Q: 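Here it is, the structure, as C-alpha cells.
Start at 1 with the first residue, then count along the sequence. Everything numeric in this text was worked out from a predicted model, so none of it was measured.
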Amino acid sequence: MLFSWCFSEQRKQMFSVILCMVLILQIFSFSFCSNVSSSFSTSCQLQGQFHVNRIHKTGDVVLGGLFAVHFFSVLPELSFTSERQEPICHGFNVLGFRQFQTMAFAIDEINRNSNLLPNVTLGYSLYDSCAILGVAFRAVLSMMSGQGDQFLLDNNCTAPPPVLGIVGDSSSTRSIAISAVLGLYRVPMVSYFATCSCLSDRQRFPSFFRTIPSDAFQVRAMLQILKRFGWTWVGLLISDNDYGLNAARSLQSDLAQSGGGCLAYLEVLPWSYDPAEHRRIVNVMKKSTARVVIGFSVFIHVIYFNPEVVKQNVTGLQWIASEAWTAATRMQTPDLMPYLGGTLGIAIRRGEIPGLRDFLLRISPDSDPNNNYNNNIFWEHTFQCHFSPPPAGWLDTGGALCTGQEDLENVATTFLDMSDLRPEYNVYKAVYALAYALDDMLQCVPGSGPFSGHSCASLQKLQPWQLLYYLERINFTTAFGDQVSFDENGDALPIYDVMNWHWLPDGSTTVQTVGVVKKSASMGEELTLDEDRIFWNFESKKPPRSVCSESCPPGTRIARRKGEPVCCFDCIPCSDGKSSNGTDSMECISCPEDFWSSPQRDHCIPKRIEFLSYHEPLGICLTTASLLGTLICTIVLGVFIYHRTTPIVRANNSELSFLLLLSLKLCFLCSLLFIGRPRLWTCKLRHAAFGISFVLCVSCILVKTMVVLAVFKASKPGGGASLKWFGAVQQRGTVLVLTSIQAAICTAWLVSSSPAPHKNTQYHSDKIVYECVIGSTVGFAVLLGYIGFLAIVSFLLAFLARNLPDNFNEAKLITFSMLIFCAVWVAFIPAYINSPGKYADAVEVFAIMASSLGLLVALFGPKCFIILLRPERNTKKAIMGRGTSKT
C-alpha cells in the first residue's frame, strides 16, 4: 500500500508540473512569433532570458544539452514585487561537469570529421539543471526559444529552430516532465541516464530516446543475479521518485510472475538527511532475516543513509546497487567498506572515448569566455582555492587564491580518469545519434524523401519532427565497437556491466567488472559472471544464503504460512502413498495403484507383493508339516498293507481303513495348494480338493461307525438281517455317494462363481496381497457346511456306540477323532475371518493339517501301537476279549 500511495502521489505531482509547464511553453510559443510593436514588424522578441550556468556555441544546427553540474539549488522567494531572481546552484558535481564537457567534445569531434555532416557546423547550448526540475524546465524553454534579444525572420516568419534536439536529462523524473512537453512538438530528446521503464511508453513520450537501457531490463538483470545465487528473500530500498517507484513496481511484478523470490521489506529513502527515518529503516533491516539488500536509489539518497548504517554497525549484508550509485566513488571509501564491501552493482556499459582526456586538459579559467563561470567553479573545486575576490575569511583561515596557472594534469582527480567512462559514453553516443540522424536527413534525394510528396527536409526550413523519422532508424557502430540503434520504444540495445566492490588487504578499494548482462535476438537475456573474481565480504568468502525458508527437499511439499509472503513456508512430508521428486514441490503426487512411496517419499517404488510363499519361514514350516503328515500316512498305510492279514487290520473292514488313509494323505497334500503365488488353477483346485478330500475322509469314518453299530446289533437275537445292508458293496457305495454330493457342490460352485486370484490392496497400503477370492460365499459355505454335517453325524453315531461291549471298540476312537475334528474347524472360522492376507491361507492350512493329524493319530495310533509294539494282542481272541493271558 505504501508503494501504491507513493506512486499515485508522485504521478499527481508530476502531472501538475507538466500541465503548468505546457501552459508556460504555450506562452513562450505565442511570444516567439508575435509582433511586439510596430517597430519590430519582421522580428520577434523574447520576454526574458535564463542565465543560469550554460555554455553556448553557435552553428548551422544547434543541439541542446541538460546536465546536473551541481547537486542542489536555492530557489528565490516568489514575492511578486520585483523581477524574479535566478536560482543559485551549489554542490559542484565533478562527474556531471565531465559529462557536460563530453558533449562539447563530441560536437567538436563531429565538426572535425569530414565524413559526417560535411559543410554543416554543429553548435551547442548546454545547461546546468542543478538537479532540480524547475531549473531544468526553464533551461529547456530557453533552448527552444533561443537566447538572442530578437530574431530576424523572413517574410514567411520561418527560421531554423534554435535547438534541433536535446541530450538529457540524467534524471527520470525530470525527463518524464520535460519529454511530455517536448513530445507535443515532436522535439527529439535523447537521454543518457534516465532509466525509468515508463519512458518507453510511446503514447506518452513519442519523441523520447535514450542510450541507456530501461529499468525494466535492469530489474530483470538483478533478478538473474538473484536467481544465479539462489537469493529469494531480499530487501528493497528505493528513492522517493519515478526512478525508484517505477523500479519497485517492476521488481514486484517480475518477482510475482517468475516466482523467483519475495520482498522482505520495501522502504522509501527520504529526500534529505532524516536521522529518525533512517534509524527506523535500519531497524527494519536488522530485524529482517533477508541477507541481501537491493538499493534502487539515486546515489545522494544512499549517501544520506550510510551514516546510520555505520552508526548501527549493519554488517553481514550483501548489497546490490542500481546503476545510479554503482560507480559512485564517494561511497567507495575505507570507512564504508566493512558495510558496503562486496557490493554487486549494475553499471552502465563502459566505453572508451579517444581524445577526451586531452580535450579536458585544455580546460582553464580563461579558455572559453562563454563558459568562464563553470570553468572557474571547476578550477576552485579541483585545486581547493578561490579566485579573487575570495569569500570573507578565506585568506584568514589559510585558504589559497587561484591563479589560473595551476597544472591540471598533475592533480589527482576523478575528472581525468578515463578508465571508467560510463555516463560519458552514453552522452557521446547520444550526440552521435543525433548527428547521424541529421546526416541521413541531409543526404535525402529530392523526390524520394519520406515526407509528403516524397519531399526532403532542408536545412533552412528544418523542423524537429522531421529529425525524429531518421532518429528512429539510425544504426551505427562506435569506435569502441558498440552498435547503436533504437527499438520501436526508443530504447537502446540493452547491455549492462556487473560490478563488484573489492576491499583490498591494504584497506584500499577498487571496483572491478565481474560480468555482463545483455539481450540479443538469438540468446535472449543472458547473464555472464566470473564468480572466481567476485569479492564476498563475509568470513566464509562465499555467497550468503538469503531465503525466508530453506528449499523443501524431495519427499516434502510446500505449506504456505498464512499472512506471510509466498517465500515463507513450511516443509510438510508427503503422506503415505504420495511422493515428490523435486525441490520446492507445491504438492505431492499420488503413486500409481501398484506403487508405493519410498521411505524418503521422493519416488514411487513397486509395492511389496505378499502371499504365503514356499521361501518364507512360515511357508517352509507349513510345507514341511504337510509333507511330514503325508509321509506318516504313507508309513501307516505301508504298515497296514504289510499286516493286512492280522486281525486288528481286518477288523471293521480293512478296505475302509486303506481308503481312509488315502484320503488323509490327500488332505495333507491339498494343503500345499494354499502355499505359493495364487494362480487361476490353484485357486479353483485348492478348495475343491480340500472339500472332496475331507468328505471322502469323513464319509469313510461315518461308514465305519455305521458298520460298528450294525455288527453289534446283529450280535443280538433277531438282528442278523441288519448286516445285509452294510456289506462291502453297500459300504463302498455309501462312501461314493456321499463324496459325489461334495463333488457336485464343488462343480456347481466352480461353474457359477469360480474362485480367482486377486490383488488386494485393502489390507496394507504399502503392499499387494495376492489371494484367492472365493467367488461365491454361498458355495464356500455349502462346502464347509456339508463337511460339518457329515462330521457331526459321525460324532453322534460314534458317541452312541462308545459303550458297546468289545475289547477293541473303534467307536471310542472315532468319537475322540471327531471331537478333535470339530473343535479344530469351529476354531478355524473366527480365526480365518480375522486373519488378513497370507495369514488367512496359513490358518486354513493349519486347520487342514491339524484336523488331518488329529484323525490320523486318534484312529490309527492305537492300532499301530498294537501292531508294532504289542503283537501278542494282535489276535482274534484278544480282540474279541477271549483267552487273553495277562502278562
Q: With a 4.5 Å heavy-atom cut-off, do Val498 and Leu527 have their side chains touching?
A: yes

Q: Distance only, no hydrogens: is a donor on one side chain within 3.5 Å (strictly under) of an acceptor on the other, for Asn283 and Arg280?
A: no

Q: If the threshold is 4.0 Å, N to carboxylate O, is there a salt bridge linking Glu550 and Arg545?
A: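 The answer is yes: the pair qualifies as a salt bridge.
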
Q: How far apart are the C-alpha atoms of Asp242 and Ser172, what are their side-chain angles, what is the distance that settles it, and do they pass the side-chain hydrogen bond (donor to acceptor under 3.5 Å, both in side chains) test?
A: CA-CA 6 Å; Asp242 292 285; Ser172 292; over 6 Å; no

Q: Tell me whether Cys568 and Cys262 have SG atoms closer together than 2.5 Å.
A: no

Q: If we only count heavy atoms from C-beta on, is the Asn306 to Leu340 side-chain gap below 4.5 Å?
A: yes

Q: Once rounded to the nearest 0.5 Å, what's the spacing between atom CZ of Arg601 and atom OG of Ser575?
A: 7.5 Å

Q: Taking only residues at least two apart or on different chains, which pairs with a member in residues 532-544 satisfy side-chain hydrogen bond (donor to acceptor under 3.5 Å, both in side chains)?
A: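 Every pair satisfying side-chain hydrogen bond (donor to acceptor under 3.5 Å, both in side chains) with a residue in residues 532-544: Gln512-Arg533.
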
Q: First locate atom CG of Leu266, then atom CG of Leu251, and finally report the distance between them rounded to the nearest 0.5 Å.
A: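 Separation between the atoms: 8.5 Å.
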
Q: Of the non-hydrogen atoms in Ile176 and Phe205, which two are nearest, and what is the gap between them?
A: O-CE2, 3.4 Å

Q: Do Thr583 side-chain atoms and Pro553 backbone N/O form a donor-acceptor pair below 3.5 Å?
A: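 Pair absent, no side-chain N/O of Thr583 close to backbone of Pro553.
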
Q: May I ask you to decide if Gly342's main-chain N or O and Asn500's side chain share a donor-acceptor pair within less than 3.5 Å?
A: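 Answer holds: yes.
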
Q: Report yes if the side chains of Asn93 and Phe97 come closer than 4.5 Å at any heavy-atom pair, otherwise no.
A: no

Q: Per the ring-ring contact (aromatic ring centres under 6.0 Å, His included) rule, what does the pair list look like for residues 276-300, sequence neighbours excluded?
A: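 Every pair satisfying ring-ring contact (aromatic ring centres under 6.0 Å, His included) with a residue in residues 276-300: Phe71-Phe299, Tyr243-Phe296, Tyr273-His278, His278-Phe305.
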
Q: For Asn581, does the CG atom have more than 12 heavy-atom neighbours from other residues, nucleotides or ligands under 6.0 Å away?
A: no

Q: Tell me whether Trp501 contacts the main-chain N or O of Thr326 through its side chain, where contact means a donor paired with an acceptor under 3.5 Å.
A: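 Answer holds: yes.
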
Q: Do Leu66 and Arg174 have side chains that get closer than 4.5 Å, going by heavy atoms?
A: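 Counting from C-beta outward, Leu66 and Arg174 never come under 4.5 Å.
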
Q: Would Glu323 and Ile212 count as a side chain to side chain contact (heavy atoms under 4.5 Å, CB included) here? Give the steps.
A: CA-CA 10 Å; Glu323 41 54 59; Ile212 186 172; 4.1 Å; yes

Q: Side chains of Asp215 and Ser197 only: does a donor on one sit below 3.5 Å from an acceptor on the other?
A: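 No, because no side-chain N or O of Asp215 sits under 3.5 Å from a partner of the opposite role on Ser197.
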
Q: Please answer whether the main-chain N or O of Arg249 pairs with a side-chain N or O of Ser253 as donor and acceptor at a distance below 3.5 Å.
A: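 Judged by distance alone, no pair lies under 3.5 Å.
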
Q: Would one find more than 12 heavy atoms of other residues, nucleotides or ligands at under 6.0 Å from atom CD1 of Ile88?
A: no

Q: Tell me every residue that passes side chain to side chain donor-acceptor pair (under 3.5 Å) with Arg220, counting only those two or more places apart in sequence or in another chain.
A: Glu525

Q: Suppose we screen for side chain to side chain donor-acceptor pair (under 3.5 Å). Which residues come up paired with Glu308, at least two apart in sequence or across chains?
A: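 With neighbours one apart ignored, the set is Gln312.
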
Q: Got a second to check how far Arg291's CZ is from Met285's CE, nearest 0.5 Å?
A: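 These two atoms lie 9.0 Å from each other.
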
Q: Can you give me the closest heavy-atom contact between Trp325 and Ser297, atom names plus distance?
A: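 Closest approach of Trp325 to Ser297, heavy atoms only: CD1-O, 3.2 Å.
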
Q: Looking at Met222 and Ala321, what are the two nearest heavy atoms and their distance?
A: CE-O, 3.8 Å

Q: For the pair Cys588/Cys574, is the SG to SG distance below 2.5 Å?
A: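 Yes, disulfide present: SG-SG under 2.5 Å.
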
Q: Side-chain contact test, heavy atoms from C-beta onward, threshold under 4.5 Å: evaluate it for Ser170 versus Tyr192 and give yes or no.
A: yes

Q: Would you say the side-chain atoms of Thr509 pair up with the backbone N or O of Thr333, donor to acceptor, closer than 3.5 Å?
A: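 Here the side-chain-to-backbone pair does not exist.
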
Q: Quick one: pull up NE2 in His502 and CD1 in Ile534 and give me the separation to the nearest 0.5 Å.
A: 8.0 Å

Q: Give me the atom names and distance for the closest heavy-atom approach of Ser551 to Asp584.
A: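 Smallest heavy-atom distance, with atoms named: CA-OD1, 3.1 Å.
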
Q: Do Asp497 and Thr513 get their side chains close enough for a donor-acceptor pair, meaning under 3.5 Å?
A: no

Q: Salt bridge between Arg350 and Asp420, side-chain N to carboxylate O under 4.0 Å?
A: no

Q: Side chains of Val69 and Phe92, heavy atoms from C-beta outward: is any pair under 4.5 Å?
A: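 A side-chain contact under 4.5 Å exists here.
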
Q: Any idea which heavy atoms bring Arg210 and Asp491 closest together, and the distance?
A: NE-OD1, 2.7 Å

Q: Counting neighbours of CZ on Arg330 that are heavy atoms of other residues, nucleotides or ligands and sit closer than 6.0 Å, is the number greater than 12?
A: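 Atom CZ in Arg330 is not crowded, with 12 or fewer foreign heavy atoms closer than 6.0 Å.
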
Q: Closest approach of Leu199 and Ala194, non-hydrogen atoms and distance?
A: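 Taking Leu199 first and Ala194 second, the nearest heavy atoms are CD1-CB, 3.9 Å.
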
Q: So Val284 and Ile281, do their side chains get closer than 4.5 Å, heavy atoms only?
A: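 Not in contact.
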
Q: Measuring from Ser288:OG to Glu267:CD, what's the distance to the nearest 0.5 Å?
A: 10.0 Å

Q: After noting the C-alpha distance and the side-chain angles of Leu263 and Val234, does the key distance pass the side chain to side chain contact (heavy atoms under 4.5 Å, CB included) rule?
A: CA-CA 5 Å; Leu263 291 183; Val234 298; 3.8 Å; yes

Q: With a 4.0 Å cut-off on N to O distance, would you call Glu531 and Arg228 a salt bridge?
A: yes

Q: If you count the non-hydrogen atoms of other residues, nucleotides and ligands that lie under 6.0 Å from CG in Leu504, is the total more than 12?
A: yes

Q: Tell me yes or no: between the side chains of Trp233 and Thr289, is some donor less than 3.5 Å from an acceptor?
A: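 A donor-acceptor contact under 3.5 Å links the two side chains.
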
Q: How long is the span from the OH atom in Tyr428 to the OG1 atom in Thr211, to the nearest 0.5 Å?
A: 13.0 Å

Q: Got a sec, which residues hit side chain to side chain donor-acceptor pair (under 3.5 Å) with Ser508, two or more places apart in sequence or on another chain?
A: Asp506

Q: Is there side-chain contact between Phe208 and Ser175, with at least one heavy-atom pair below 4.5 Å?
A: yes

Q: Just to verify, what does Arg202 make a side chain to side chain donor-acceptor pair (under 3.5 Å) with, not counting sequence neighbours?
A: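 Here no residue qualifies.
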
